[in-house]
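All of these numbers come straight from a predicted model, not from anything done at the bench.
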Amino acid sequence: MSYELKKIIVYPFVLLIRGYQTFISPLLPSSCRYTPTCSHYAVEALQTHGLLKGGWLVAKRIATCNPWGGSGYDPVPPKKTNN
């Protein structure tokens with residue numbers, strides 16, 4: 001899949017997350033246990049890995065963002081290149 005097509009497919013999801021960050025998140029108390037926050041992680045994961053793998057990474061991250069899950073620095077893993 002071309003880079004441009006991937007950007008077009010991911011764009012609506014990134015736009016929804018940006019809307020959440022702009023309009024909803026400021027109204028709620030800070031509760032994310034990770035750095036970067038889950039919404040920033042989601043944008044980066046989708047832009048780096050695309051909808052399927054990025055979406056899977058986001059789902060795993062959100063599932064562990066609770067008092068019994070993890071916390072701390074958890075960056076998006078880099079995209080593996082086939083050399």
query: For Thr64, which residues count as a side-chain hydrogen bond (donor to acceptor under 3.5 Å, both in side chains) partner, sequence neighbours excluded?
result: Tyr34
field: Summary of salt bridge (Lys or Arg N to Asp or Glu O under 4.0 Å) pairs that have at least one residue in residues 59-75, sequence neighbours excluded
entry: Arg61-Asp74
Let me check something: any side-chain donor-acceptor pairs from residues 10-21 under 3.5 Å, sequence neighbours excluded? List them with distances.
residue	atom	partner	partner atom	Å
Arg18	NH1	Gln21	OE1	3.2
Gln21	NE2	Ser39	OG	3.1

Tabulate below the donor-acceptor pairs under 3.5 Å that side-chain atoms of residues 44-54 make, not counting sequence neighbours, or state none.
residue	atom	partner	partner atom	Å
Thr48	OG1	Glu44	O	2.8
His49	NE2	Pro77	O	2.7

query: From Ile62 CD1 over to Tyr41 OH, what is the distance, rounded to the nearest 0.5 angstrom?
result: 10.0 Å
